[in-house]
Amino acid sequence: YEPKLGGDRLPGHYAVGFGYDSSRFKNFSSVLPGGAGSRSGNTQFWLLAAQMLVRNGPGDQDGIIALAGYVHNNADNSPYAQQYFLGLLDRGFWRSRPQDTAGLLFTYIEMSGALGKVQAEESELGIPISNAATAVQTHEMILEANYNIHVSRGLDFRPEFQYVIRPNAQANIR
């Protein structure tokens, strides 16, 4: 859905999606003795939104744009259960560099509870922890800032800074 809002006809982009993967997946419980083995199918759905809030130039994308999204995975066989993000983009704010864009983004990732239960049991048993983890994985947060420098047609340079809270969704990693 792509509405144009208000007198300035501020563009928005809204999407709902669904995906199904028919591959075979190992259930997380299958890593322990007596586990459930594998099963077919993995589902995912998502909601995405981008809405210009303020126009600050003549181009269609020149302005401050708010971003938001939610992604949900089948937590029985995907390590990532849910992901949320919120962000802002600002393009055209600098008149001498109209195609440059500054961006800020916050992302929250929640890991599968089924995976966490298996990892806790593996830790108690003293066996290697699934998903290349060194502790039980629960959630991770990422703060990101970037600046897209338009160099020439078809060429951009984008330095980026990310600060990750709970890397690999683990409390034991700073």
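- The closest donor-acceptor contact from the side chain of S112 to the backbone of L115 lies under 3.5 Å.
- Every pair tested for salt bridge (Lys or Arg N to Asp or Glu O under 4.0 Å) that includes a residue from residues 162-171 fails, sequence neighbours excluded, so the list is empty.
- For the atom pair CD of Q82 and OH of Y108, the computed distance is 9.0 Å after rounding to the nearest 0.5 Å.
- For the salt bridge (Lys or Arg N to Asp or Glu O under 4.0 Å) condition, the pairs that include at least one residue of residues 93-110, sequence neighbours left out, are R97-D100.
- With rounding to the nearest 0.5 angstrom, the CG atom of D21 is 10.5 Å from the CG atom of N73.
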Pair N56-D90, side chain to side chain contact (heavy atoms under 4.5 Å, CB included): steps then yes or no
CA-CA 9 Å; N56 61 12; D90 193 356; 2.9 Å; yes
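- Residue V136 comes nearest to G116 through the heavy atom pair CG1-O, 3.7 Å, listed as atom of the first residue, atom of the second, then distance.
- Grouped by direct or indirect side-chain proximity (heavy atoms under 4.5 Å, Ile/Leu/Val/Met/Phe/Trp/Tyr only), I65 sits with L10, W46, L48, M52, L67, V71, F85, L89, L105.
- Linking ILVMFWY side-chain heavy atoms closer than 4.5 Å, directly or via other members, places Y147 and V151 in a single hydrophobic cluster.
- In this structure the side chain of P159 reaches within 4.5 angstrom of the side chain of I149, judged on heavy atoms.
- No side-chain donor-acceptor contact under 3.5 Å links N42 and D76.
- Across all non-hydrogen atoms, the minimal contact from A81 to A75 is CB-CB, 4.0 Å.
- Nearest heavy-atom pair, A66 versus L53, reported as atom, atom and distance to 0.1 Å: CB-CD1, 3.9 Å.
- Pairs of residues two or more places apart, or lying in two chains, never qualify as salt bridge (Lys or Arg N to Asp or Glu O under 4.0 Å) while including a residue from residues 152-162.
- In the hydrophobic clustering of this structure, F161 groups with I165; members are Ile, Leu, Val, Met, Phe, Trp, Tyr whose side-chain heavy atoms approach within less than 4.5 Å, directly or through other members.
- Here I127 contributes atom CD1 and E122 contributes atom CD; the two are 5.0 Å apart, rounded to the nearest 0.5 Å.
- Side-chain contact between Y163 and I142: absent, with no pair of heavy atoms (C-beta onward) separated by less than 4.5 Å.
- Sorted by first then second residue, the side chain to side chain donor-acceptor pair (under 3.5 Å) pairs that include residues 1-12, not counting sequence neighbours, are E2-H13.
- Qualifying ring-ring contact (aromatic ring centres under 6.0 Å, His included) partners for Y84, counting only residues two or more places apart in sequence or in other chains: Y70.
- F93 is linked by a ring-ring contact (aromatic ring centres under 6.0 Å, His included) to nothing, counting only residues two or more places apart in sequence or in another chain.
- E144 is linked by a side chain to side chain donor-acceptor pair (under 3.5 Å) to N146, Q162, counting only residues two or more places apart in sequence or in another chain.
- Residues V164 and M141 are not in side-chain contact: their nearest non-hydrogen atoms beyond the backbone lie 4.5 Å or more apart.
- A salt bridge (Lys or Arg N to Asp or Glu O under 4.0 Å) check over residues 57-74, counting only residues at least two apart or in different chains, returns the pairs D62-R91.
- Taking the side chain as every heavy atom from C-beta outward, N74 and Q44 never approach each other to under 4.5 Å.
- Scanning both residues, P167 and E140, for their nearest heavy atoms gives C-OE1, 3.5 Å.
- Every side-chain contact (heavy atoms from CB on, under 4.5 Å) that S22 has, sequence neighbours left out, goes to Y20.
- Partners of T134 under the side chain to side chain donor-acceptor pair (under 3.5 Å) rule, at least two apart in sequence or in another chain, are Q170, N172.
- Of all non-hydrogen atoms in P11 and R55, the two that sit nearest each other are CD-NH2, 3.5 Å.
- Distance check: F106 CZ to L86 CG gives 7.5 Å after rounding to the nearest 0.5 Å.
- Annotation: side chain to side chain donor-acceptor pair (under 3.5 Å) contacts of Q137 (sequence neighbours excluded): Q119, N131, N168.
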